[in-house]
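Everything below concerns the one structure shown next.
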2 protein chains.
Amino acid sequence: MTSGAGADGPPWLTPEEKEAWTGLVSLILLLPGRLEAPLQADAGLTLFEYLVLSQLSEAPGHRIRMSELAYLANGSLSRLSNVAKRFEQRGWLTRAPDPEDGRFTVASLTEAGYATVVAAAPTHVRAVRDVVLDHVSAADGRALARVAAKLRVRPTDLARGRSDDGG
Amino acid sequence: MTSGAGADGPPWLTPEEKEAWTGLVSLILLLPGRLEAPLQADAGLTLFEYLVLSQLSEAPGHRIRMSELAYLANGSLSRLSNVAKRFEQRGWLTRAPDPEDGRFTVASLTEAGYATVVAAAPTHVRAVRDVVLDHVSAADGRALARVAAKLRVRPTDLARGRSDDGG
DNA sequence: TAGGTTGAGTTCACGCATGAAGTCAACCAG
DNA sequence: CTGGTTGACTTCATGCGTGAACTCAACCTA
């Protein structure tokens with residue numbers, strides 16, 4: 001990608017690079033709001049909160065360690081901890097030390113939490129279709145997955161303890 | 001993309017769709033922090049703040065109407081207004097009613113503001129390379145630009161007044 | 001067992017984004 | 001020019017995210 005001015009490239013962007021960057025930045029600045037608005041209106045959930053519930057609902061026993069859950073939901077452990085506290089107050093999940101290793105905390109989805117995510121899922125899926133999937137081709141979808149895999153940067157908080165993605 | 005269950009598709013995602021969505025959501029949740037951290041450390045700027053300064057610095061006369069600037073920087077007018085207030089207090093920009101139409105407000109970059117963006121630009125460019133460009137191919141970059149163009153959703157705040165993107 | 005290290009999880013002060021309500025300029029209808 | 005409407009912009013209360021400092025469990029070494 002670089003044009004030969006050193007290993008890092010010049011301190012400015014080529015037109016092609018700028019176009020890619022402009023596109024990407026518009027995605028990351030505008031999409032969160034678009035995708036979150038329906039969830040907020042219908043279920044009072046942020047996108048990250050929905051992902052937390054969703055990951056839990058798909059896990060065996062509806063239980064995941066906090067650090068693993070943060071990784072799966074694409075957030076920091078700190079962010080997850082704050083969300084977990086709110087969810088606990090709403091009765092949507094419980095936390096308990098992992099019996100196998102007290103250093104870990106296992107988050108468990110309650111029935112009420114499961115009901116919440118089940119109720120919110122259609123809204124979320126519709127938003128994903130309306131905002132994204134209905135506008136891109138299958139090849140575009142594969143490109144998104146490919147780029148994301150290449151950029152898969154995880155929070156420094158917990159980049160360790162997980163050797164690789166196997167992606 | 002849908003599998004024939006109606007115009008909107010079923011209320012769940014196919015494996016391909018889910019993969020695309022998972023990739024996209026990891027981009028929009030993880031990249032902002034990654035891209036912003038260097039700017040915050042070096043210049044005390046958010047990504048959006050940098051974009052505001054950057055757009056101003058590239059505009060003729062270093063002046064843009066607030067609504068146009070919000071559009072260019074991928075933010076709402078409200079968000080820009082808050083940023084502009086902070087920038088004014090730092091002496092980085094000034095605001096004045098548009099002489100041609102008092103309903104508009106024109107934001108102008110000051111010398112200090114220009115110096116700030118010039119100083120921050122190398123940090124920003126390096127972050128964009130380190131986090132994104134160095135990891136994707138030219139084809140990936142084109143895919144990003146293409147997808148972004150297809151999804152180009154602008155804040156409802158100011159979707160009007162601007163008939164189309166010409167993109 | 002004591003002392004030190006690692007790493008998971010929590011907390012909290014701070015700052016930013018959101019969005020509804022408000023202000024104001026220009027325009028329009030009568 | 002009066003009253004009403006549109007739309008650009010601002011304000012502010014509320015809530016969330018961040019990151020540094022902290023607590024604690026398990027492990028390691030002697």
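So that the names make sense, note that chain A is the first sequence line, chain B the second, and so on, each numbered from 1. Worth knowing before you read on, the calculation uses all heavy atoms, side chains too, and leaves out hydrogens, waters and symmetry mates.
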Atom CG of B:L29 and atom P of D:dC16 are separated, to the nearest Å, by 16 Å
Whole-Å distance, B:L45 CG to D:dT18 C1', equals 17 Å
**Asked** Would you say the side-chain atoms of A:T116 pair up with the backbone N or O of A:A112, donor to acceptor, closer than 3.5 Å?
**Response** yes
Contacts of B:R103 and A:E100 projected onto DNA chain D by closest heavy atom; the upstream (5') one is B:R103
Closest of D:dG19, D:dG17, C:dT10 to the A:R95 side chain is C:dT10
To the nearest angstrom, the CG-P distance between A:L47 and C:dA17 comes to 18 Å
For A:K150, the salt bridge (Lys or Arg N to Asp or Glu O under 4.0 Å) test, sequence neighbours excluded, returns B:D140
(Q) Would you say that A:H124 contacts A:L47 through its side chain, given a criterion of any heavy-atom pair below 4.5 Å between the two side chains? (A) yes
Here the distance between atom C1' of D:dG19 and atom CD of B:E36, to the nearest Å, is 13 Å
Of the listed D:dA8, C:dA17, C:dT18, the closest approach to the B:V83 side chain comes from C:dA17
When B:G44 and A:F104 are each assigned the nearest nucleotide of DNA chain C, the 5'-most assignment goes to A:F104
Rounded to whole Å, CG of A:L77 lies from C1' of D:dC24 at a distance of 14 Å
*Are any of B:R86's side-chain N or O atoms less than 4.0 Å away from OP1 or OP2 of C:dA17?*
yes
* Evaluation steps, side-chain contact (heavy atoms from CB on, under 4.5 Å), between A:L35 and B:I28 -> CA-CA 10 Å; A:L35 291 164; B:I28 68 180; 3.7 Å; yes
In whole angstroms, the gap separating C1' of D:dT18 from CZ of A:F48 amounts to 13 Å
Against the side chain of A:S78, the closest entry in D:dT18, C:dA8, C:dA26 is D:dT18
*asked:* Measuring to OP1 and OP2 of C:dG9, would you say a side-chain N or O of A:S67 lies under 4.0 angstrom away?
replied: yes
Would you classify A:T105 as touching base, sugar-phosphate or nothing, given that sugar-phosphate means primed atoms plus P, OP1 and OP2, and contacts are heavy atoms under 4.0 Å? sugar-phosphate
B:R79 has its side chain closest, among C:dA17, D:dT10, C:dT10, to C:dA17
When rounded to whole Å, the CG to C1' distance for the pair B:L80 and C:dA17 reads 13 Å
The answer to which of B:P99 and A:N82 contacts DNA chain C further toward the 5' end, by nearest nucleotide, is A:N82
Closest to the 5' end of DNA chain D, once A:Q40 and B:K85 are matched to their nearest nucleotides, is B:K85
Does any N or O in the side chain of A:R129 come within less than 3.5 Å of the main-chain N or O of B:W12, such that one atom is a donor and the other an acceptor?
yes
Rounded to whole Å, the CG-P distance (B:L30 to D:dT18) equals 10 Å
